[in-house]
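Beneath this line is the structure, given in structure tokens, with notes to follow.
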Protein chains: 2
Amino acid sequence: MVIPSEHTQKAWAALFRAHTLAHEAIEAELKKAGLPNLSWYDVLWELEQTSECGLRAFELQPKLLLPQYGMSRLINRMEAQGLIAKHDCPEDGRGVALSITDQGRKTRLKMWAVYGPAMQKALGEKLSENEMVQLATMLKKLT
Amino acid sequence: MVIPSEHTQKAWAALFRAHTLAHEAIEAELKKAGLPNLSWYDVLWELEQTSECGLRAFELQPKLLLPQYGMSRLINRMEAQGLIAKHDCPEDGRGVALSITDQGRKTRLKMWAVYGPAMQKALGEKLSENEMVQLATMLKKLT
DNA sequence: TGCATTTAGATGCAACTGCATCTACCTTCA
DNA sequence: TGAAGGTAGATGCAGTTGCATCTAAATGCA
């Protein structure tokens, strides 16, 4: 049996805590402001980055790391709130093409006004720019 | 409005992905082996580290980063499976003292036989020992 | 072409989570 | 001592997630 080193165990524990605490802190601020959570933000962001023809649900999935049914339901909730729109997909009769609505764009901006500062407080203030680059470099090697 | 730097944003995205992917990979292996998930492991671990008088529920909470009601329910499920035992608390009539059972100890060992290698595969193999120390150092500064 | 396989997405059901609130006990302090 | 306030933990309810499975459309291939 291959046992991870002491340092690996410590790093894993630290990874867990750092992510969980930052995530909770940021989502708490969004909730306090009556705004949706980070998954919603990510969907809005990805759709806003995309040219008007929209994204397919299955293209969004790997970006958000959500399971297929999770994506399906998230999309339905966001559509019900009018933040995104579903269109029939011309090149694939099974598919759904997604686009962001004007209201979705507005919501993303409102979210960023809370998300940005919360991210800065949870992460930005805690490390120098140099350390931040190092951290990102290590983390990317993990994926 | 304070906007986080480009590097902070990248680090946050990398933190999210690294944690989510490692967590999913590890839990997938546990599930494949028919074993409980990481929260259960953490409870078993903490109780095993403690002298026989046991831990209180509220002492476990900050270690696991679970909300109070989450802890309460997790404990009930684990007790129902016979992995831990609840005792009345002599020094506080409201409280519950928790201890691990023999079966709990056995289960923790079985879990570690899967968890350890999974952690090694998801993290240990991806960074040198030196990098691992650096990573842990940065992550600890975040909390 | 036509049947078998694969892929996109939806959904019924059971388990889990979050919120608010509740009960029971403990602590403080007039 | 006893009323007011605080703390430990449980729980009803509504919303969410995970699993398995379903439908419908696309693809592969004999």
Side-chain angles (χ1 to χ4, degrees), chain A residues 20 23-43 46-47 53-81 83-99, chain B residues 20 23-43 46-47 53-81 83-99:
Chain A
T20 304
H23 196 265
E24 282 178 4
I26 293 169
E27 297 233 308
E29 301 242 24
L30 287 169
K31 176 161 298 184
K32 190 159 56 111
L35 291 166
N37 67 26
L38 289 178
S39 299
W40 289 45
Y41 185 88
D42 289 343
V43 170
E46 295 296 344
L47 292 182
C53 62
L55 269 184
R56 298 285 300 276
F58 73 92
E59 295 174 298
L60 223 34
Q61 238 178 275
K63 293 177 194 285
L64 296 229
L65 302 178
L66 282 182
Q68 178 271 319
Y69 53 82
M71 199 68 238
S72 170
R73 295 202 259 228
L74 173 57
I75 286 168
N76 281 340
R77 275 177 249 144
M78 292 183 71
E79 189 198 20
Q81 294 295 313
L83 303 184
I84 64 176
K86 280 160 111 170
H87 316 276
D88 290 341
C89 192
E91 67 274 12
D92 187 338
R94 298 165 299 181
V96 184
L98 302 170
S99 62
Chain B
T20 303
H23 196 266
E24 281 178 6
I26 293 169
E27 296 233 308
E29 301 242 25
L30 288 169
K31 176 162 296 185
K32 190 160 56 111
L35 291 166
N37 68 24
L38 288 178
S39 299
W40 289 46
Y41 184 88
D42 289 342
V43 170
E46 294 295 345
L47 292 182
C53 62
L55 269 184
R56 298 286 299 276
F58 73 93
E59 295 174 298
L60 223 36
Q61 237 177 276
K63 293 178 194 285
L64 295 230
L65 301 180
L66 281 182
Q68 178 272 318
Y69 52 82
M71 199 67 237
S72 170
R73 284 161 169 157
L74 174 57
I75 286 169
N76 282 340
R77 274 177 251 144
M78 293 183 70
E79 189 199 21
Q81 295 295 313
L83 303 184
I84 64 176
K86 279 160 113 171
H87 316 276
D88 289 343
C89 191
E91 66 276 9
D92 187 337
R94 296 165 299 183
V96 184
L98 301 170
S99 62

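Computed from a prediction, not measured in an experiment: that's the story for all the values here. Values below: all heavy atoms of this structure, side chains included; hydrogens, waters and symmetry mates excluded.
Taking atom CG of residue B:L64 and atom C1' of nucleotide D:dG9, one finds them 16 Å apart after rounding to whole Å. Between B:L60 atom CG and D:dA8 atom P there is a gap of 14 Å when expressed in whole angstrom units. Straight-line distance from the CD atom of B:E24 to the P atom of D:dC19: 11 Å, rounded to whole Å. Straight-line distance from the CG atom of B:L74 to the C1' atom of D:dT11: 16 Å, rounded to whole Å. Taking atom CG of residue B:L55 and atom C1' of nucleotide D:dG9, one finds them 16 Å apart after rounding to whole Å.
Screening residues 31-40 of chain A for salt bridge (charged side-chain N to carboxylate O under 4.0 Å, His left out) gives no qualifying pairs among residues at least two apart or on separate chains.
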Which side-chain N or O atoms in residues 59-74 of chain B pair as donor and acceptor under 3.5 Å with protein atoms at least two apart or in another chain?
from, atom 1, to, atom 2, distance (Å)
B:E59, OE1, B:R56, N, 2.7

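Taken from CG in A:L98 to CD1 in A:I75, the straight-line distance is 4.5 Å, to the nearest 0.5 Å.
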Provide a list of protein-nucleic acid N or O atom pairs under 3.5 angstrom, restricted to nucleotides 3-10 of chain C.
from, atom 1, to, atom 2, distance (Å)
C:dT7, O2, A:R94, NH1, 2.4
C:dA8, O3', A:R56, NH2, 3.1
C:dG9, OP1, A:R56, NE, 3.3
C:dG9, OP1, A:V96, N, 3.1
C:dG9, OP1, A:V96, O, 3.4
C:dG9, OP2, A:F58, N, 2.7
C:dG9, N7, A:Q68, NE2, 3.4
C:dA10, OP1, A:K86, NZ, 3.1
C:dA10, OP2, A:S72, OG, 2.6
C:dA10, N7, A:Q68, NE2, 2.9
C:dA10, N6, A:Q68, OE1, 2.8

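Applying the side-chain contact (heavy atoms from CB on, under 4.5 Å) criterion to B:A85, with sequence neighbours excluded, gives B:H87, B:S99, B:T101. Listed by chain and residue number, nothing satisfies the salt bridge (charged side-chain N to carboxylate O under 4.0 Å, His left out) test with B:R77 (two or more places apart in sequence, or in another chain). When the salt bridge (charged side-chain N to carboxylate O under 4.0 Å, His left out) test is applied to B:E27, no partner is found at least two apart in sequence or on another chain. Applying the side-chain contact (heavy atoms from CB on, under 4.5 Å) test to B:A25 and every residue at least two apart in sequence or in another chain returns nothing. Annotation: side-chain contact (heavy atoms from CB on, under 4.5 Å) contacts of B:A28 (sequence neighbours excluded): none. The side-chain hydrogen bond (donor to acceptor under 3.5 Å, both in side chains) test applied to A:D92 returns A:R94, not counting sequence neighbours. Remark: B:E24 engages no residue in a salt bridge (charged side-chain N to carboxylate O under 4.0 Å, His left out) (not counting sequence neighbours).
From one end of the helix from C:dT1-D:dA30 to C:dA30-D:dT1 to the other, with five pairs defining each end axis, the axis direction shifts by 20° (rounded to 10°).
A 4.5 Å side-chain heavy-atom check between A:N37 and A:W40 finds at least one atom pair inside the cut-off.
Within 4.0 Å of A:G70, counting heavy atoms only, lies no atom of the nucleic acid at all.
Annotation: proximity of residues 26-42 of chain A to DNA chain C (heavy atom, distance under 4.0 Å) is found for A:K31, numbered in ascending order.
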